[in-house]
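Structure record follows, encoded as C-alpha cells.
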Amino acid sequence: QVHLAESGGGSVQAGGSLRLACVASGYTYSAHPMGWFRQGSGKEREGVAVIDSAGNAIIADSVKGRFTISKDSAKNTVYLQMNNLQPEDTAMYYCGTDNIYCLTTYCLMSYRYSNWGQGTQVTVSS
C-alpha cells in the first residue's frame with residue numbers, strides 16, 4: 001500500500017507561482033508512474049503532469065509551457081512547479097500513482113490510478 005501526501009497549495013493572484021510536493025511512502029517502485037491531477041468544481045479529474053514509467057515528464061497541453069514536473073527519487077517526492085497561474089487553474093490538485101506501466105500521454109488518464117493523496121487546494125484570483 002502506498003501513502004501519498006501532498007503539500008504546497010494556496011491562494012495566489014493570476015500570474016503568480018506555486019510549487020506542489022507529493023511524498024510517497026510504503027511500497028514504491030521507480031517504474032510506477034507518479035504525477036499530478038486536478039479536479040475543478042463540477043468537473044472531472046484530469047491529468048496535469050506525470051513522470052511516466054520511463055522517467056519522462058508528460059505534461060498536459062493545457063499547462064504546457066507553464067507547469068513543470070520533477071522527481072527526487074531519493075526522497076520519493078514529485079514536485080509540480082506552476083508558473084503564470086490563471087483562474088482556470090483553480091482546482092483541487094491530487095497526487096496519484098499505481099502499480100502499472102505506462103508511457104506518454106496514456107499516463108495522464110486518471111482512471112488508470114487507484115492510489116491518491118488527500119489533495120491540496122489551489123485557488124487563483126484574477
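Basis for what follows: all heavy atoms, side chains included, without hydrogens, waters or symmetry-related copies.
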Which atoms form the tightest heavy-atom contact between A49 and I69, and what is the distance? O-CD1, 3.4 Å

Working to the nearest 0.5 Å, report the span between OG of S126 and CD of Q86. 9.5 Å

Short side-chain to backbone donor-acceptor contact, T123 and T90, under 3.5 Å: no

List the steps, then state whether side-chain contact (heavy atoms from CB on, under 4.5 Å) holds for K75 with V23. CA-CA 7 Å; K75 296 181 179 180; V23 180; over 6 Å; no

Heavy atoms from other residues, nucleotides or ligands near NZ of K64 exceed 12 (cutoff 6.0 Å): yes

Any heavy-atom pair between the side chains of F67 and L85 that's under 4.5 Å? yes

Just checking Y106: does its OH atom have more than 12 heavy atoms from other residues, nucleotides or ligands closer to it than 6.0 angstrom? no

Expected output: side-chain E6 to main-chain C95 donor-acceptor under 3.5 Å: yes

Please tell me if the side chains of N56 and I51 come closer than 4.5 Å, counting only heavy atoms from C-beta onward. no

Walk me through whether K71 and N76 qualify under side-chain contact (heavy atoms from CB on, under 4.5 Å). CA-CA 7 Å; K71 184 178 183 180; N76 284 334; 5.8 Å; no

Hey, what do you get for CG (D89) to OG (S62), rounding to the nearest 0.5 Å? 7.5 Å

Across all chains, not counting sequence neighbours, the side-chain contact (heavy atoms from CB on, under 4.5 Å) partners of S125 are Q13

Does the side chain of T97 pick up a donor-acceptor pair with the side chain of N115 at under 3.5 Å? no

Report the distance from atom CZ of R45 to atom OH of Y111, rounding to the nearest 0.5 Å. 15.5 Å

How about E46 and S110: do any of their side-chain heavy atoms sit closer than 4.5 Å? no

May I have the step-by-step check of side-chain contact (heavy atoms from CB on, under 4.5 Å) for V78 and W36, ending in yes or no? CA-CA 9 Å; V78 170; W36 293 94; 3.5 Å; yes

Does any part of the side chain of V12, heavy atoms only, come nearer than 4.5 Å to the side chain of V122, both counted from C-beta? no

Side-chain H-bond candidate by donor/acceptor type, N83 with S17, under 3.5 Å: yes

Minimum-distance pair of heavy atoms, taken over all atoms of A14 and P87: CB-CD, 4.2 Å

OG-CD distance between S25 and Q1, expressed to the nearest 0.5 angstrom: 10.0 Å

Do side-chain atoms of D72 reach the backbone of T77 as a donor and acceptor pair under 3.5 angstrom? no

R38/K43 under side-chain contact (heavy atoms from CB on, under 4.5 Å): CA gap, chis, key distance, verdict: CA-CA 9 Å; R38 68 186 182 186; K43 298 181 180 179; over 6 Å; no

Remaining members of the apolar cluster that contains L103, side-chain heavy atoms under 4.5 Å: Y101

Got a sec, which hydrophobics cluster with L108, joining ILVMFWY side chains under 4.5 Å apart, including via others? F37, V50, I58, M92, Y94, I100, Y113, W116

Would you name the heavy atoms of R112 and C102 that are closest together and state the gap between them? NH1-CB, 4.4 Å

Correct closest heavy-atom pair for L18 and G9 would be CD1-C, 4.4 Å

So, does R19 use its side chain to make a donor-acceptor pair with the main chain of Q81 at under 3.5 Å? no

Q121 and A91: which non-hydrogen atoms are nearest, and at how many Å? NE2-O, 3.4 Å

